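All figures in this text were calculated on a predicted structure; none of them were measured in a lab. Note that the numbering runs from 1 along the sequence shown for the chain.
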Amino acid sequence: MTFREFSPTQPVILGFDPGRDKCGLAVMGLDRQLHYHQVVPAKEAIPTIETLRQKFPISLMVMGDQTTAKQWKQRIYQELAEPLNIILVDERYTTLEARDRYWQMYPPKGLTKLLPQSMRQPPRPIDDIVAILLIERYLNRLTESVNS
């Protein structure tokens with residue numbers, strides 16, 4: 001698990017990219033400071049969410065709205081010890097965006113650098129980066145509604 005050294009005092013948002021086999025999780029502050037991101041097996045998602053809630057002042061969960069969202073939303077409401085506000089966010093094209101973001105976060109080394117970015121495949125699942133993008137989409141929506 002990738003935790004930062006300090007625990008934020010401001011409320012943070014939990015990003016959740018639900019899946020059948022694996023799920024992406026991310027914790028980000030309203031200041032867009034990333035505090036945690038990880039891909040976990042689907043069966044470990046809810047226990048991991050509980051652990052994150054003990055470590056971070058999570059104010060709400062932002063979840064992708066595609067394939068398994070309805071089932072996951074129901075499971076989270078049933079299985080979490082304390083209820084958590086869940087906001088569904090449009091998840092279209094996040095996988096493509098996450099692939100680009102992966103290479104920004106982890107610049108390619110060696111021969112991989114020579115490949116065009118569109119041909120590079122990240123060497124690990126990127127569901128956690130999708131979770132980061134979902135939080136950013138939510139925050140962008142918030143700032144757009146404030147500015148208009």
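Atom CZ of residue R141 and atom CG of residue L139 lie 10.0 Å apart, to the nearest 0.5 angstrom. Interatomic distance, M63 CE to L84 CG, rounded to the nearest 0.5 Å: 9.0 Å. Separation of atoms CD1 (I13) and CZ (R32) is listed at 9.0 Å; rounding is to 0.5 Å. In this structure, the separation between OG1 on T51 and CG on L25 is 10.5 Å, given to the nearest 0.5 Å. We find the CG-CG distance between L52 and L14 to be 6.0 Å, quoted to the nearest 0.5 Å. For the atom pair CE (M61) and CG (L134), the distance works out to 11.0 Å, reported to the nearest 0.5 Å.
Across all non-hydrogen atoms, the minimal contact from G64 to A69 is O-CB, 3.2 Å. Taking both residues in full, the closest heavy atoms of Q33 and H35 are given as O-CD2, 3.4 Å, listed atom of the first, atom of the second, then distance. Heavy atoms only, all atoms of each residue included: V40 and A45 are closest at CG2-CA, 3.9 Å. For the pair G19 and A42, the tightest heavy-atom approach, listed with the atom from each and the gap, is O-CB, 3.8 Å. Across every non-hydrogen atom of L34 and A26, the tightest pair is CD1-CB, 4.4 Å. Taking every heavy atom of both residues into account, V130 and A98 meet most closely at CG2-CB, 3.7 Å.
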*Mind running side chain to side chain contact (heavy atoms under 4.5 Å, CB included) on R137 and T94 for me, showing each step along the way?*
CA-CA 10 Å; R137 284 186 178 189; T94 49; 3.5 Å; yes

*Checking side chain to side chain contact (heavy atoms under 4.5 Å, CB included) for the pair Q38/T48: CA distance, chi angles, key distance, verdict?*
CA-CA 10 Å; Q38 188 75 36; T48 304; over 6 Å; no

*Give the C-alpha distance, both sets of side-chain angles, the deciding distance and a yes or no for side chain to side chain contact (heavy atoms under 4.5 Å, CB included) between R92 and Q66.*
CA-CA 8 Å; R92 282 176 298 193; Q66 298 293 302; 4.3 Å; yes

*Going through the checks in order, is the side chain to side chain contact (heavy atoms under 4.5 Å, CB included) test met by M105 and I126?*
CA-CA 11 Å; M105 292 169 75; I126 54 174; over 6 Å; no

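Counting heavy atoms from C-beta outward, M28 and E136 have side chains that approach closer than 4.5 Å.
Cluster annotation: V39 is not connected to W103 through the hydrophobic network of ILVMFWY side chains, with a link wherever side-chain heavy atoms come within less than 4.5 Å. In terms of hydrophobic clustering, with Ile, Leu, Val, Met, Phe, Trp and Tyr side chains grouped at heavy-atom distances under 4.5 Å, L133 and Y36 are assigned to different clusters.
Distance alone, capped at 3.5 Å, places no donor-acceptor pair between the Q10 side chain and the G29 backbone. Using a distance-only test at 3.5 Å, with no hydrogens or angles considered, a donor-acceptor pair links the side chain of R53 to the main chain of E82.
Applying the ring pair (Phe, Tyr, Trp, His ring centres under 6.0 Å) test to every pair with at least one member in residues 111-141, sequence neighbours left out, gives no pairs at all. Residue pairs that meet the salt bridge (Lys or Arg N to Asp or Glu O under 4.0 Å) test with at least one member in residues 15-27, sequence neighbours left out, are K22-D127. The ring pair (Phe, Tyr, Trp, His ring centres under 6.0 Å) contacts involving residues 69-94 comprise F16-W72, where partners must be two or more places apart or lie in separate chains.
Of the residues listed (Q117, Q121, R120), the one engaging R99 in a side-chain contact (heavy atoms from CB on, under 4.5 Å) is Q121, and it is the only one.
Environment of CG in L111: sparse, with no more than 12 heavy atoms of neighbouring residues, nucleotides or ligands closer than 6.0 Å.
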